[in-house]
Amino acid sequence: MLRMSTLFLRTLRADPADAEVPSHKLLVRAGYVRRVAPGIYSWLPLGLKVLRNVEHIVREEMDRMGAQEVQFPALLPREPYEATGRWTEYGDGIFRLKDRKGNDYLLGPTHEELFTLMVKSEYSSYKDLPVSLYQIQTKYRDEARPRAGILRGREFLMKDSYSFDLDDDGLKQSYQDHRDTYVRIFERLGLDYKIVSAVSGSMGGSASEEFLAVTPSGEDTYVACTHCDYAANVEAATVMAPPALDPATQPALEVMDTPDTPTIDTLAAFLDVPASATLKNVIVQLRNPDGRTELLVIGVPGDREVDLKAVEANVFPAEVEPFEDFARYPGLVRGYLGPQVLADLEIRYVVDSRVTTGSAWVTGANEQGKHARNVVMGRDFTPAGTMPAAEVRDGDLCPVCGNLLEINRGIEIGHVFQLGKKFADALSLDVLGPEGKPVRVTMGSYGIGVSRAVAAIAEQSYDERGLIWPRSISPADVHVVIAGQGEQQEGGESLAAGLEAAGLRVLLDDRKKVSPGVAFKDAELIGTPTYVVVGKSLAADGTVEIRDRRSGSSRTVSVADAVAEVVAEVRS
RNA sequence: CGGGGCGUAGCGUAGUGGCUAGCGCGCCUGCUUUGGGAGCAGGAGACCGCGGGUUCGAGUCCCGCCGCCCCGACCA
């Protein structure tokens with residue numbers, strides 16, 4: 001039993017000045033966590049209970065799916081990360097240190113390398129696969145800007161797991177198993193979440209989905225269809241393209257004098273056409289892994305920004321850099337660029353998927369002060385390809401069913417990822433196949449932010465009085481508040497003992513010098529879903545009050561029935 | 001790394017170049033009080049982020065640095 005009289009806890013009356021988001025304010029105010037350094041937090045007793053409860057659910061479900069728990073060190077040698085190139089790739093993103101001999105170490109940001117090497121050293125036969133291993137461990141990333149308390153820290157608790165399979169079908173099965181397990185975990189955690197398609201990014205590999213906890217404080221933006229179940233991170237989102245038209249039916253191209261109209265705004269105002277009728281052409285420079293660069297021009301409707309992250313995802317492994325060097329390309333007229341000349345200049349041109357065959361645009365005429373109208377795709381220019389390059393907006397159309405898309409924000413609390421052979425290739429992870437020849441292993445990688453999940457749940461479940469935990473992870477099943485002296489003291493003690501004997505985790509406010517008001521405020525701030533008030537009604541007619549934290553409703557029951565009533569409510 | 005805001009006691013804050021840096025909460029002692037952050041009395045607790053400068057005098061003005069928060073860039 002936890003007793004408030006001795007619990008290591010100090011609640012704060014005011015929000016800390018350095019906190020912005022609700023979970024940060026409340027977790028600090030209610031005495032769950034304290035900041036030690038930027039992005040680095042200590043867990044106090046109540047907070048640690050919640051964290052452990054989340055961890056327990058994650059572990060139970062991972063074990064249920066047949067994954068096996070292991071534990072790697074957080075302090076790691078440089079070599080494995082050197083072998084996969086990530087010692088360099090991570091740049092400033094990892095904490096590096098040296099031992100007394102000057103050897104390089106790092107604090108693990110994630111453990112693909114170590115898991116791969118462990119399987120390599122232990123297993124050597126196809127008969128050993130498939131296998132899924134996981135750990136729940138502290139991770140370190142030197143984030144450029146930690147923010148929002150424990151929502152984005154530099155030290156955090158993460159469950160990471162890795163599947164090892166012989167072939168793509170096996171990988172798909174392992175991926176699906178993890179995905180199903182994640183659904184069970186997040187359901188049990190009481191989270192409002194969305195599964196969205198994600199880009200694979202620099203990790204390589206193919207299929208990848210993120211589990212986002214829905215909250216306005218989230219840093220990820222995703223689109224979701226209002227009718228079907230399509231959902232995607234904005235970086236991976238696609239939209240339904242307008243129908244293609246027959247270029248032959250469009251009027252002839254016409255060049256116009258449009259002096260001093262180097263921007264979409266000035267052009268649209270000069271011609272009195274909507275920005276969406278113009279075709280904006282953005283030049284970027286691509287840097288390939290071998291260092292070679294090439295130009296890429298991206299055409300998007302003029303009322304849209306180019307989403308560089310989406311472009312980057314589409315041109316991977318090349319990197320996108322800004323282009324400023326107009327002097328080197330006299331054919332490119334700044335502010336008056338149109339796609340009509342790009343083929344001749346041998347510059348690669350791609351268009352956003354909203355730009356379709358037969359569509360007619362106002363765009364640059366490739367001469368200072370001139371634009372052209374009725375520039376028709378498929379007649380006046382032909383792009384090398386299409387990509388979802390323009391920002392997605394509320395009201396865009398779902399690529400699956402054509403209904404409206406909605407934009408929302410979320411926090412990434414889980415990620416499932418068909419990694420493929422990237423790490424197996426880099427570290428030569430093979431097993432002997434049935435034909436006696438080595439078979440390269442294919443991997444999946446799967447993460448759940450355990451400490452982040454605590455903050456995400458807090459972010460979704462609070463009111464003006466404080467936190468409201470789901471039963472599954474509440475620091476206690478029930479909080480017994482003793483309000484008043486005399487027989488309430490003893491009544492509260494014996495009720496708490498009874499509840500504990502019935503198997504509940506009990507937090508008892510047995511502080512003698514605090515007024516009932518303070519006890520109520522603390523109970524509501526701490527946020528157990530059910531609390532019981534043992535107060536004046538005990539003396540008056542032998543009853544206590546059972547309150548539901550979320551709804552605020554309360555009912556009065558005889559103290560003799562209280563244990564049974566509370567147990568029923570908690571177990572419901 | 002760029003832009004903005006801010007550093008005064010454990011927390012929240014006031015402070016016009018001028019006396020011993022003020023208030024609320026919290027904390028300690030005593031009395032009183034006990035169904036919604038009680039009351040009275042007494043007390044402890046501050047290198048005013050750090051360093052330099054201007055001045056008879058700096059929490060306050062100037063310069064530099066450090067740190068924090070927010071936005072952006074960055075971020076499996």
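Note on naming: letters A, B, ... go to the chains in the order of the sequence lines (proteins, then strands), and numbering restarts at 1 for each one. The analysis underlying the following values was restricted to heavy atoms, covering all of them including side chains, and did not include hydrogens, waters or symmetry mates.
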Trainee: Please check if the distance between the ring centroids of Phe417(A) and Tyr446(A) is under 6.0 Å.
Mentor: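 No: the rings miss the under 6.0 Å criterion.
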
Trainee: Scan Arg10(A) against the nucleic acid and name what it touches under 4.0 Å (heavy atoms): base, sugar-phosphate only, or nothing.
Mentor: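 If one applies the 4.0 Å heavy-atom cut-off, Arg10(A) turns out to touch the sugar-phosphate alone, with no base involved.
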
Trainee: NA contact type, Arg147(A), heavy-atom cut-off 4.0 Å: base, sugar-phosphate, or nothing?
Mentor: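 The residue Arg147(A) makes sugar-phosphate contact but no base contact.
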
Trainee: Check the interface with nucleotides 10-12 of chain B: list each N/O to N/O pair with the protein under 3.5 Å, or write none.
Mentor:
from, atom 1, to, atom 2, distance (Å)
G12(B), OP1, Ala17(A), N, 2.8

Trainee: Under 4.0 Å, counting only non-hydrogen atoms across every strand here, what does Arg35(A) touch: a base, just sugar-phosphate, or nothing?
Mentor: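 Result for Arg35(A) = sugar-phosphate.
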
Trainee: Would you confirm whether Gln489(A), through its side chain, and Ile482(A), through its main-chain N or O, come within 3.5 Å as a donor-acceptor pair?
Mentor: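 No, the answer is negative, given that no donor and acceptor are paired below the 3.5 Å cut-off.
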
Trainee: With a 4.0 Å limit, can you tell me whether Ser515(A) has a side-chain N or O closer than that to the phosphate oxygens OP1/OP2 of A38(B)?
Mentor: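 Yes.
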
Trainee: For residues 456-466 of chain A, which residue pairs pass the side chain to side chain donor-acceptor pair (under 3.5 Å) check, not counting sequence neighbours?
Mentor: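 Qualifying pairs: Ser23(A)-Glu459(A), Ser217(A)-Glu459(A), Ser461(A)-Arg550(A), Asp463(A)-Arg549(A), Arg465(A)-Glu524(A).
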
Trainee: Using a 3.5 Å limit on both pairing distances, list the dot-bracket string of RNA chain B from the 5' end; Watson-Crick and G-U wobble pairs count, crossing pairs take [ ], interstrand pairs take |.
Mentor: (((((((..((((....[...)))).(((((.......))))).....(((((..]....))))))))))))....

Trainee: Checking His24(A) now: which residues fulfil ring pair (Phe, Tyr, Trp, His ring centres under 6.0 Å) with it, not counting sequence neighbours?
Mentor: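 With sequence neighbours excluded, His24(A) shows a ring pair (Phe, Tyr, Trp, His ring centres under 6.0 Å) to Tyr41(A), given in chain and number order.
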
Trainee: Checking Lys49(A) now: which residues fulfil side-chain contact (heavy atoms from CB on, under 4.5 Å) with it, not counting sequence neighbours?
Mentor: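 Once residues adjacent in sequence are excluded, the partners of Lys49(A) under the side-chain contact (heavy atoms from CB on, under 4.5 Å) criterion are Leu2(A), Pro475(A).
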
Trainee: How far does the C1' atom of A21(B) sit from the matching atom of A14(B), given to the nearest Å?
Mentor: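 One C1' to the other, the span is 10 Å.
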
Trainee: Please give me every residue in residues 526-535 of chain A whose heavy atoms get under 4.0 Å of an atom in RNA chain B, ordered by residue number.
Mentor: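 Residues of residues 526-535 of chain A under 4.0 Å from RNA chain B: Val533(A), Gly535(A).
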
Trainee: What I want to check is whether an N or O donor and acceptor connect the side chain of Arg511(A) with the base of G37(B) at under 3.5 Å.
Mentor: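 A donor-acceptor contact between them is absent.
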
